[in-house]
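Both counts, for ligands and for their atoms, begin at 1 and track the order of listing. We number each residue from 1, following the sequence as shown.
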Amino acid sequence: MTTTREPGQTLAEFDEHLDELHLRGQWQYDAQLVQLTDGPLPAGVPFLWQRGLAERALEEMCTVRANDTARRNFTFINPGPGVDGTTPTLAMGMQITLPGEIASAHRHSINALRFVVDGSANLYTSVDGERLAMEDSDLIITPAYTWHDHHNESDKRGIWIDILDVPVMGYLRQIFFEPYGSSTQPLRETRADFISSRSSSVRPAWERRDSTRIPFRYAWRDVRAALRDFAGCEGSPFDGVILHYAHPISGGSTLPTIDCFAQLLRPGLQTQRHRHTSSVVYYVVEGEGTTLVGDHRLDWSAGDSFVIPNWMWHQHINHSPSTEAVLFSATDAPLLAALGMYREEPHDSFGTGPYPAVPADVVRGHVTT
Ligand SMILES: [Fe+2]
Ligand SMILES: [Fe+2]
């Protein structure tokens, strides 16, 4: 076998020859690169999963035994090709827990969160020794390596949305998983031992405070009250009144790889179009409306879930003249920002600061003018 190109050999034959040597010439990527002068191609497609469909699947899952980790859940799989999750970075799904059930304790390098659909004070997740109640629309974060087990001590089914960064952790081969060894972890008994006692604005000065691995419950009653407080503001031209679930210690992203938002669309609001390199998954908490994504139209109402892929122009519309719409969303923007890859158009629509000067900017400016 030789690595030199034979006289008279076509380029296709030479490519085959290189392939046998487990090599590939740069020229084979030329056709792909010329498609990218307007930025990355979206991964997957915009898609909506209706509440009725999800409820039926949850119902059917109750007839089968929960899996070895005692979790009955499914993932919303993007129907677009090549996406092994809801987006290439996020897996959004739904989970159901029957009265008396325990989803056994474990931990992993995957960051995860739960947004509660049907909850109660006696539905809860224990995270690193603390009991965090799961009432309707609460958000519970379980950062990487926190022990967590879910308990349903109520008399009705508990249902929540799960959102995890598992697709990207899997792609990077960074998944560690460890069962606790019993279904239930012991709970801490005094507030001084609570991890969450380190997340208030007054906290022990003798301890390190740089950990991002703080389990936390964002109670919906507080979030909904804040949305009400800001309801009269103009908000973002692209998202209406949108509130960020700030990290309880750093004030930064909700999780290292995921940011969460609650947004209120006033009756009759039509937002302006924008696009960003992050992809976003949504759960409709209240009301109904439409999200236009590229050429796709997603008509949604309470209980539906939908996805906007990366770098697609989109806008939200609340058609109702009298009823507010409220959306919960999660995005992979912190992951992209950490890599210096987060972009949005129009620039700075999220107030994230100046757009970095990169060659792609020059190319895009050249193409569009
Ligand atoms: Fe887990
Ligand atoms: Fe957006």
Query - Distance below 2.8 Å from the Fe ion (ligand 1): protein N/O/S atoms - result: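 Checking every protein N, O and S atom gives His106 NE2, His108 NE2, His148 NE2.
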Query raised in the report: Is Arg228 salt-bridged to Glu324, cutoff N-O under 4.0 Å?
Result: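 Salt bridge flag = no for Glu324 with Arg228.
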Query raised in the report: Looking only at side chains, do Asp259 and His244 share a donor and an acceptor under 3.5 Å apart?
Result: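 A donor-acceptor contact under 3.5 Å links the two side chains.
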Query raised in the report: With no hydrogens and no angle check, do the side chains of His151 and Asp149 hold a donor and an acceptor under 3.5 Å apart?
Result: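 Side chains of His151 and Asp149: pair found under 3.5 Å.
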Query raised in the report: What angle, in degrees and rounded to 10°, do you get at the Fe ion (ligand 2) when you join it to NE2 of His276 and to NE2 of His314?
Result: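 Output for this angle: 100°, rounded to tens.
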Requested in this report: Take atom CZ of Arg24 as the centre, draw a 6.0 Å sphere, and report whether it contains more than 12 heavy atoms from other residues, nucleotides or ligands.
Outcome: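 No, CZ of Arg24 has 12 or fewer neighbouring heavy atoms, counting only those of other groups under 6.0 Å.
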Requested in this report: Using ring pair (Phe, Tyr, Trp, His ring centres under 6.0 Å) as the criterion, list what pairs up with Tyr245, not counting sequence neighbours.
Outcome: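 In terms of ring pair (Phe, Tyr, Trp, His ring centres under 6.0 Å), with neighbours along the sequence ignored, Tyr245 is linked to Tyr218, Phe328.
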Requested in this report: For the pair Tyr282 and His316, evaluate ring-ring contact (aromatic ring centres under 6.0 Å, His included) and give the outcome as yes or no after the intermediate values.
Outcome: CA-CA 12 Å; Tyr282 288 84; His316 307 292; 5.5 Å; yes
